[in-house]
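What follows is one structure encoded as structure tokens, with my remarks underneath.
One is the number of the first residue; the rest follow in order along the sequence. When a ligand or atom number is given, it counts from 1 through the structure's own listing order. What you see is a predicted model, and the numbers here were worked out from it, not measured in a lab.
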Amino acid sequence: MGRCPGCHSWNSFVENTVAAAPSRTSLRENPPQELSQVAAGLSDRLPLPLAELNRVLGGGVVSGSLVLIGGDPGIGKSTLLLQVSALVAQAKGKVAYVSGEETLPQIRLRAERLGVKGEGLYLLAETELDVILSQLEGLSPSLAIIDSIQAVYLPELDTAAGSITQVRECTQRLMHWAKQNSVPVFIAGHVTKDGAIAGPRVLEHIVDVVLYLEGEAFSPYRVLRGVKNRFGSTNEVGVFEMKEHGLVEVDNPSLAFLSQRQAEAIGSAVVPTLEGTRPLLVEIQALTTPTAFGLPRRTANGVDFNRLLLITAVLTKRLGLKLASQDIIVNVTGGLRIEEPAADLGIALAIASSFRDVGVDPHLVAVGEVGLSGELRTVSQLERRVAEAARLGFSRCLVPKTAGKLSAPKKIELIPVGTLREAVGVGLRKVRNPSP
Ligand code: TYD
Ligand code: MG
């Protein structure tokens, strides 16, 4: 059918072949068990020799689990997986790395670049899943990698590799194999530009763990984020930096993200955000310039566009800043994305600072959600955020008054503020105040 009779879009039909289910030898082989009688298996975790990855997985990879690592092409999935493979091979013995995208010499070249020696690391360049599984069977590795799920296929399915049917069916087979053999399996999956089709999204409900490797192409930082985890929390992130010789763990991300900050800069504010349970200090920059052709433009890089509009509206209405004739660009440095409203106050400060051409106190961080009447609302885990700011040497922190009594390290002064107006009054460095 060319056109969908439901939504009237053209060429939106996707062929979906259903493969025969694996046959059951006996229909009675799997009776229900009382919960208290169930053995608590599956909990043996293989700790990975890469702390940031361990953190995101919740302390290691569970045996027999299927872990999807999704991300844009070129973001570093293969690099990460090859590094993990080599490290695990060194520590635990055999690892199988199956590549459907690169030839063995190509992988070898990459391995050389990464400084990977590769004892115990077995490479297989193959795309037919049945062949892959039977080879894995023979090798019985302690960890298997499939790079990528879009490249492997089952010939009996009659559709091209990477199609929704193939990707789904192959993932199910791999899941089955992982569980049967108690071997953890990592699969890489590309996120396609227009989102869903045959990308990792269709697999999220099948696999045990979904991690996304994110970052901007121009920035060296990569954030590995847990999206689903059947064996732990999805609150954790791992931070890496892409270098000449592969991905390097960043164990002090706040410091890394702030390293290029100019203390004197106008239109820059530091915000203690929370990535999962991990406090992370980031710099938010704003630039306001007079609008050239009547219609003011707003650009949000790394922050939510609608929140930028909201904050701009509040600054206009409650503080009287004439932003209606200004273009506004907001940028989170390091290529990070900040979704939480806790960054509102920082965004507002950066915009006000640029508009008034007055710097923000360089020793100050700001946290709080901005409400429509210009009030500041409290955010979660304020004390952890403040502690991280203190750890990095900041001496003042704007916090919402409604947060009530907070305990904080001695080195940092908490400044409770009730409204955005008040916060901007305190946060923008007075011109007569000499810079520290
Ligand atoms: P890759 O792991 O191939 O991405 P994916 O598998 O997600 O498609 O990453 C490729 C990019 O990483 C490529 O643009 C070059 C860069 N890179 C480095 O900067 N340093 C390195 O050591 C390696 C191996 C790659
Ligand atoms: Mg790749």
Original post:
Does the side chain of S254 pick up a donor-acceptor pair with the side chain of E388 at under 3.5 Å?
Top reply: yes
Subject >> Whether over 12 other heavy atoms sit under 6.0 Å from R337 CZ >> reply: yes
**OP:** For P73, counting its heavy atoms only, list the atoms of ligand 1 lying under 4.0 Å from any of them.
**Re:** 8 (O)
Original post:
Hey, mind stepping through T288 and I351 against side-chain contact (heavy atoms from CB on, under 4.5 Å) and telling me if it holds?
Top reply: CA-CA 7 Å; T288 60; I351 294 173; 4.0 Å; yes
**OP:** Starting from atom 10 (C) of ligand 1, locate the nearest protein heavy atom and write down its residue, its atom name and how far away it is, to 0.1 Å.
**Re:** G74 O, 3.8 Å
Original post:
Is there a donor-acceptor contact under 3.5 Å from the side chain of S163 to the main chain of T159?
Top reply: no
Original post:
Does the side chain of D147 come under 3.5 Å of the side chain of S99 through a donor N or O and an acceptor N or O?
Top reply: no
Subject >> Heavy atom of the protein closest to atom 4 (O) of ligand 1 (residue, atom name, distance) >> reply: G76 N, 3.1 Å
Original post:
If we ignore angles and hydrogens, is there a donor and acceptor under 3.5 Å between the side chains of R110 and T79?
Top reply: yes
Subject >> Those atoms of ligand 1 less than 4.0 Å from some heavy atom in K243 >> reply: 18 (C), 19 (O), 20 (N), 21 (C), 22 (O)
**OP:** Write out the residue and atom name of the closest protein heavy atom to atom 16 (C) of ligand 1, then the distance separating them to 0.1 Å.
**Re:** M242 CE, 3.9 Å
**OP:** Show which atoms of ligand 1 fall inside a sub-4.0 Å distance from at least one heavy-atom site of L114.
**Re:** 22 (O), 24 (C)
Original post:
Can you tell me which residue and heavy atom of the protein come closest to atom 6 (O) of ligand 1, and the distance to 0.1 Å?
Top reply: S78 OG, 2.6 Å
Original post:
Hey, is atom 21 (C) of ligand 1 under 4.0 Å from any protein heavy atom?
Top reply: yes
Original post:
Is a side-chain donor-acceptor pair under 3.5 Å present for E413 with H363?
Top reply: no
Subject >> Whether E101 lies under 4.0 Å from ligand 1, heavy atom >> reply: no
Original post:
Less than 4.5 Å apart, any side-chain heavy atom of L82 and any of L114?
Top reply: yes
Original post:
Just checking, any donor-acceptor pair under 3.5 angstrom between side chains of T291 and S325?
Top reply: no
Subject >> Per-residue contact class, R113 against ligand 1 - non-hydrogen pairs under 4.0 Å >> reply: side chain
Original post:
Hey, is NZ on K228 packed in by over 12 heavy atoms from elsewhere, all under 6.0 Å?
Top reply: yes
**OP:** State whether S148 contributes an N/O/S atom found under 2.8 Å from the Mg ion (ligand 2).
**Re:** no
Subject >> Nearest neighbour in protein (non-hydrogen) for atom 25 (C) of ligand 1 >> reply: T79 OG1, 3.9 Å
Subject >> Atoms in ligand 1 flagged as close to H245, the criterion being non-hydrogen separation under 4.0 Å >> reply: 22 (O)
Original post:
Hey, which atoms in ligand 1 end up nearer than 4.0 Å to a heavy atom of R110?
Top reply: 1 (P), 2 (O), 3 (O), 24 (C)
Subject >> Short N or O distance, E244 and ligand 1, threshold 3.5 Å exclusive >> reply: yes
Subject >> Proximal atoms of ligand 1 relative to G246 (non-hydrogen, under 4.0 Å) >> reply: 20 (N), 21 (C), 22 (O)
